[in-house]
Amino acid sequence: DTEVTQTPKHLVMGMTNKKSLKCEQHMGHRAMYWYKQKAKKPPELMFVYSYEKLSINESVPSRFSPECPNSSLLNLHLHALQPEDSALYLCASSVLLVPNRETQYFGPGTRLLVL
Amino acid sequence: QKEVEQNSGPLSVPEGAIASLNCTYSDRGSQSFFWYRQYSGKSPELIMSIYSNGDKEDGRFTAQLNKASQYVSLLIRDSQPSDSATYLCAVLTGGGNKLTFGTGTQLKVEL
């Protein structure tokens, strides 16, 4: 089973709203990732959590705030977003067992529209 | 120079033909390479991973890696209309868990 789940599937929010994206996996994976994907572009890495600790932040604006409450759950808190932040937000996870052999499995994504 | 490069396509092949997708990468220290398939509006789905020089076959898919030439390819035999999608080449960099994607090649399999 290589299932990563994400909620909600779709989200519409105003620029003054606060919302959260949720990602969950029950595969025992110890690394979790947030990516942002704009239309007709490849996914771009935002954050990496390894063993529930933030290990990579790709200079993401502070209006995006990640959180990893436990090894199965990853959240992305959104506040004061801009219309250009509208995109498909993808969560992924990997085992974190063999260095340089990590295979990442993606969830279905949350399609975000900022008005 | 982009880290991972692919032709954006579209690559059109007739049903039943072999589709050949290519990718080059710039980081000579990269050790892990992946092909993902992405249907329009969906998330990337892992097709193949390859770590050693040579060929790796899985059903109708064959991944080829040449580290000396910094080149990865994906062959799809007996192409089907359901193979029509964007194929993303991805390379693991940055110490082991940073995945860098190419821009993707759009494949169209025509009846």
Side-chain angles (χ1 to χ4, degrees), chain A residues 1-7 9-10 21 23 25 27 29-51 53-59 87-113, chain B residues 2-10 21 23-25 27-53 56 58 63 65 67 72 85-108:
Chain A
D1 184 13
T2 54
E3 189 177 27
V4 177
T5 60
Q6 289 186 245
T7 53
K9 285 189 172 60
H10 301 275
L21 309 184
C23 173
Q25 57 86 16
M27 298 177 281
H29 289 180
R30 301 308 299 274
M32 297 185 77
Y33 311 79
W34 280 115
Y35 288 85
K36 173 183 176 179
Q37 187 176 25
K38 302 279 279 184
K40 299 195 183 301
K41 298 288 187 184
E44 293 179 359
L45 182 66
M46 299 175 72
F47 303 103
V48 179
Y49 274 83
S50 303
Y51 298 105
K53 293 192 188 315
L54 184 65
S55 58
I56 296 177
N57 176 344
E58 291 286 285
S59 302
L88 180 67
Y89 287 84
L90 295 162
C91 174
S93 70
S94 66
V95 173
L96 204 60
L97 189 63
V98 180
N100 296 314
R101 289 288 187 268
E102 289 298 301
T103 299
Q104 295 182 24
Y105 297 94
F106 284 83
T110 293
R111 190 160 297 281
L112 174 66
L113 177 62
Chain B
K2 292 182 183 176
E3 292 186 61
V4 181
E5 295 206 47
Q6 297 179 253
N7 288 326
S8 59
L21 305 163
C23 172
T24 57
Y25 60 95
D27 184 352
R28 200 169 270 282
S30 300
Q31 297 185 37
S32 300
F33 308 86
F34 306 88
W35 284 99
Y36 287 85
R37 177 176 63 196
Q38 188 171 27
Y39 293 111
S40 181
K42 302 295 185 183
S43 66
E45 174 193 7
L46 181 70
I47 297 296
M48 294 282 284
S49 60
I50 187 166
Y51 310 117
S52 305
N53 280 330
K56 180 181 177 183
D58 184 0
L65 174 61
K67 289 186 179 179
V72 193
T86 295
Y87 288 81
L88 295 163
C89 173
V91 178
L92 208 55
T93 59
N97 60 1
K98 179 176 176 179
L99 203 57
T100 300
F101 288 87
T103 52
T105 298
Q106 186 185 4
L107 174 67
K108 293 184 177 180

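Quick caveat, the model's predicted, so the values are computed rather than measured. Hydrogens, waters and symmetry mates play no part in the numbers below; they use all other heavy atoms, side chains included. Letters A, B, ... mirror the listed sequences (proteins, then strands); counts begin at 1.
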Asker: Looking at every heavy atom in both A/Gln6 and A/Pro108, which two are closest together, and how far apart are they?
Answerer: OE1-N, 3.7 Å
Asker: Relative to chain A, which segment of B/Leu88 carries a heavy atom at a distance below 4.5 Å: side chain, backbone, both, or neither?
Answerer: side chain
Asker: With chain A as the partner, which of B/Ser49, B/Ser8, B/Pro44 has the greatest number of non-hydrogen pairs under 4.5 Å?
Answerer: B/Pro44
Asker: Do A/Lys38 and A/Glu44 sit within salt-bridge range, that is, some charged N less than 4.0 Å from a carboxylate O?
Answerer: no
Asker: If I measure from the heavy atoms of chain B, does A/Ser94 come under 4.5 Å with its side chain, its backbone, both, or neither?
Answerer: neither
Asker: Just so I understand: if I count every heavy-atom pair under 4.5 Å between each of A/Gly107, A/Pro43, A/Ser55 and chain B, which residue has the most?
Answerer: A/Pro43
Asker: Check whether more than 12 heavy atoms from other residues, nucleotides or ligands sit under 6.0 Å from atom NZ of B/Lys108, and answer yes or no.
Answerer: no
Asker: Answer yes if the side chains of B/Thr100 and B/Tyr25 hold a donor-acceptor pair under 3.5 Å, and no otherwise.
Answerer: no
Asker: Quick check on the interface: out of A/Arg111, A/Gln37, A/Lys41, who has the most heavy-atom pairs with chain B under 4.5 Å?
Answerer: A/Gln37
Asker: Within a reach of under 6.0 Å around CG of B/Asn7, are more than 12 heavy atoms found that belong to other residues, nucleotides or ligands?
Answerer: no
Asker: Taking side chain as everything from C-beta outward and backbone as N, CA, C, O, which of these in B/Glu45 sits under 4.5 Å from a heavy atom of chain A? Side chain, backbone, both or neither.
Answerer: neither
